[in-house]
Amino acid sequence: MIEFQNVTKIYPNQNRAALESVDMTINKGEFVFLVGPSGSGKSSFLRLILREERPNDGRIMVAGNDLAKLTNWKVPALRRKIGCVFQDFRLLPSKTVEQNVAFALEVIGKPRRFIKRVVPEVLDLVGLEGKHDRMPDELSGGEQQRVAMARAFVNRPMILLADEPTGNIDPATSIGIMKVLDRINRTGTTVVMATHDAAIVDSMRKRVIELEYGKVVRDQNRGVYGQNY
Ligand SMILES: Nc1ncnc2c1ncn2[C@@H]1O[C@H](COP(=O)(O)OP(=O)(O)OP(=O)(O)O)[C@@H](O)[C@H]1O
């Protein structure tokens, strides 16, 4: 599903590589935690998968596409296969919960009938039944992140990328967020989550890939967070 072959990324005017000779394969349906100190390359890894950045060297395959060969006009189609969730939720403040999720389908031209049917289904999946008409500022942080997950998943992407999704959420609420990500993963969606949340990684025992100075220093099945960063 995601394959990095000897990938190196050096940002302009930087003398150190953000990612250096990274080789890894993430298979369909896997749940992977990406851990490592601040600046170790986790966000760069996610941005390369989205083709928001391009590598200086190596090859990246995502959902059967060689990203170097993908023409610019095909990039939106690639990104439609990839849902994203961020630490800061990124909801539209003037739209309701339901409208925020529906909007993700409207912009890709889905019919209204379809939108009316699938939006309530996905809001149930993330545990937001009864909150469809709330505005984002009437929700807790955990609920806002559930909206963001519903929006990322409503199009049933093959891959879900999460960049510190529990970073702004208290530990008790984070458990609920992880249950939703686990539920999404069980539908067959590949999940890659960058995190500094040791308690979450240790409790879920999924594959853990650790980066340090842009290199993979650990790749462990049913892994733990490891040392504290
Ligand atoms: N747009 C950019 N321009 C220049 N350097 C960058 C850019 N983005 C990231 N870097 C550098 O690349 C390295 C890796 O950064 P990256 O954001 O991928 O790390 P990270 O592991 O996600 O960190 P954090 O845990 O703090 O989010 C760092 O040295 C960072 O300063």
Side-chain angles (χ1 to χ4, degrees), residues 1-26 30-62 67-68 70 72 75 78-79 82-91 141-142 144-145 148-149 152 157 159-171 173-174 177-178 181 185 190-204 206-220 223-229:
M1 182 58 51
I2 300 168
E3 194 175 349
F4 276 47
Q5 296 171 3
N6 204 25
V7 170
T8 294
K9 171 69 188 173
I10 306 169
Y11 290 100
N13 308 316
Q14 303 288 308
N15 39 30
R16 206 169 52 71
L19 288 175
E20 195 177 329
S21 308
V22 170
D23 267 309
M24 76 166 72
T25 301
I26 297 174
E30 273 199 275
F31 192 120
V32 177
F33 286 118
L34 210 54
V35 305
S38 191
S40 58
K42 303 181 295 296
S43 303
S44 298
F45 182 81
L46 299 180
R47 287 201 296 272
L48 285 164
I49 294 171
L50 287 161
R51 224 185 80 163
E52 285 180 3
E53 295 287 348
R54 302 183 75 152
N56 300 73
D57 201 5
R59 192 157 91 124
I60 303 174
M61 302 285 297
V62 178
L67 298 195
L70 204 65
N72 283 340
V75 171
L78 168 80
R79 293 188 184 151
I82 308 173
C84 292
V85 179
F86 305 94
Q87 183 171 3
D88 55 356
F89 321 135
R90 305 192 189 178
L91 302 177
Q144 289 186 55
Q145 192 60 295
M149 288 190 288
I159 300 168
L160 187 81
L161 304 180
D163 200 352
E164 297 197 36
T166 60
N168 279 332
I169 293 167
D170 65 77
T173 312
S174 296
I177 296 299
M178 294 313 298
L181 279 180
N185 175 241
T190 308
V191 176
V192 183
M193 170 171 161
T195 187
H196 288 282
D197 198 328
I200 293 277
V201 176
D202 289 346
S203 69
M204 291 196 50
K206 301 286 189 186
R207 180 176 172 191
V208 175
I209 296 173
E210 180 181 340
L211 292 170
E212 201 175 278
Y213 296 117
K215 288 188 181 162
V216 176
V217 293
R218 177 165 60 110
D219 187 347
Q220 184 180 26
V224 292
Y225 186 72
Q227 66 199 72
N228 289 323
Y229 310 118

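All ligand and atom numbering here is 1-based and tracks the order in the structure.
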Numbered in order shown, the ligand 1 atoms found under 4.0 Å of a heavy atom of Arg16 are 29 (O)
Ligand 1 atoms nearer than 4.0 angstrom to some heavy atom of Glu164 are 25 (O), 27 (O)
Within 4.0 Å of some non-hydrogen atom of Arg47, the atoms of ligand 1 are 8 (N), 9 (C)
_Test item: side-chain donor near acceptor, Tyr11 and Ser44, under 3.5 Å_ = yes
Within 4.0 Å of some non-hydrogen atom of Pro37, the atoms of ligand 1 are 21 (O)
Contact check, side chains of Val224 and Val208, non-hydrogen atoms, under 4.5 Å: no
shortest atom 23 (O) of ligand 1-to-protein heavy-atom contact is with Gly39 N, 2.8 Å
- Query: Taking C-beta and beyond as the side chain, do Leu78 and Leu67 meet within less than 4.5 Å on heavy atoms?
  - Reply: yes
Are Gln220 and Glu210 packed together at the side-chain level, in the sense that at least one heavy-atom pair is separated by less than 4.5 angstrom? no
Practice item. Evaluate the 4.0 Å heavy atom contact test for atom 30 (C) of ligand 1: does a protein atom fall under the cut-off? Key: no
In short, Ala152 meets Val85 closest at the heavy-atom pair CB-CG2, 3.8 Å
Contact region, Ala194 to ligand 1, non-hydrogen atoms below 4.0 Å, reads neither
Quiz item: For ligand 1, is Glu53 a contact, meaning one of its heavy atoms is under 4.0 Å away?
Solution: no
Considering residues, nucleotides and ligands other than Tyr213, do more than 12 of their heavy atoms fall under 6.0 Å from its OH? no
>> With the threshold set strictly below 4.0 angstrom, can you tell me whether any protein non-hydrogen atom sits that near atom 8 (N) of ligand 1?
In response: yes
Test item: Ile26 and Met1 side chains (from C-beta on) under 4.5 Å apart, heavy atoms: no
Would Pro12 count as a contact residue for ligand 1, given that I'm defining contact as a non-hydrogen atom of the residue lying under 4.0 Å from a ligand atom?
no
Q: Could you tell me whether the side chain of Phe89 reaches within less than 4.5 Å of the side chain of Asn168, counting heavy atoms only?
A: yes
Atom 17 (O) of ligand 1 has as its nearest protein heavy atom Ser43 CB, 3.7 Å
- Message: Is the shortest side-chain heavy-atom distance between Thr8 and Ser21 below 4.5 Å?
- Response: yes
Against ligand 1, does Lys9 come closer than 4.0 Å with any heavy atom? no
Out of Tyr213, Phe45, Tyr11, the nearest non-hydrogen contact to atom 5 (N) of ligand 1 is supplied by Tyr11
Per-atom filter on ligand 1: closer than 4.0 angstrom to a heavy atom of Ala18 are 12 (O), 13 (C), 14 (C)
Just wondering, do Leu34 and Leu46 contact through their side chains at under 4.5 Å, heavy atoms?
-> yes
**Request:** Looking only at distances, please establish whether an N/O atom of ligand 1 is found under 3.5 Å from an N/O atom of Gly36.
**Result:** no
Check for me whether Ser40 has a heavy atom closer than 4.0 Å to any atom of ligand 1. yes
